[in-house]
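This report concerns only the one structure given below.
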Amino acid sequence: MKTLLNFFVVTLLNAAFLYPLWFSGVGKPISWLVEISMLSGGIFCFYLLVKYRKQL
C-alpha cells in the first residue's frame with residue numbers, strides 16, 4: 001500500500017506541474033478542473049502517507 005501511495009503522490013504531483021506547461025506549449029486551453037483534481041489528489045495521498053506512516 002505504501003508503494004502504491006508513493007506512486008500516486010509522485011505521479012499526480014508531477015502531472016499537476018507538467019500539465020499546464022504541456023498544454024500552454026501546444027496552444028490548447030488548460031482545464032483547471034483537471035489541474036486542481038491532480039493537485040488535490042497528490043496532496044491527499046501525501047497526507048495519507050504522513051498520517052499512517054507507522055501502520056504502512
Side-chain angles (χ1 to χ4, degrees):
M1 187 66 169
K2 184 177 180 180
T3 306
L4 188 63
L5 280 173
N6 277 329
F7 175 75
F8 283 140
V9 168
V10 171
T11 303
L12 289 171
L13 291 180
N14 280 330
F17 175 70
L18 294 175
Y19 178 78
L21 294 176
W22 177 271
F23 270 71
S24 64
V26 175
K28 293 185 178 181
I30 299 169
S31 172
W32 291 106
L33 181 63
V34 172
E35 175 70 22
I36 292 170
S37 303
M38 288 187 294
L39 187 61
S40 62
I43 291 171
F44 179 70
C45 288
F46 185 70
Y47 168 75
L48 289 177
L49 274 174
V50 171
K51 184 174 180 179
Y52 297 112
R53 66 182 173 264
K54 297 198 183 211
Q55 287 89 0
L56 294 175

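The residues of the chain are indexed from 1 along the displayed sequence. All values derive from a computational prediction rather than experimental measurement.
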To the nearest 0.5 Å, tell me how far [X] [atom1] sits from [Y] [atom2].
X   : Y   : atom1 : atom2 : value
K51 : F46 : NZ    : CZ    : 15.0 Å
Y47 : L5  : OH    : CG    : 13.0 Å
F8  : L13 : CZ    : CG    : 12.5 Å
S37 : W32 : OG    : CH2   : 12.5 Å

*Let me know which of N6, L4, V9 forms a side-chain contact (heavy atoms from CB on, under 4.5 Å) with C45.*
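Only one option passes, and that is V9.
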
Hydrophobic cluster identity match, [X] and [Y], side-chain contacts under 4.5 Å:
X   : Y   : result
W22 : L12 : yes
L18 : L33 : no
V50 : L39 : yes
L48 : M38 : no

_To check you understand the geometry: which heavy-atom pair defines the closest contact between E35 and A16, and what is its length?_
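Between these two residues, the closest heavy atoms are OE2-O, 2.5 Å.
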
*More than 12 heavy atoms from other groups under 6.0 Å of OH on Y19*: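 Atom OH in Y19 is packed in, count exceeds 12.
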
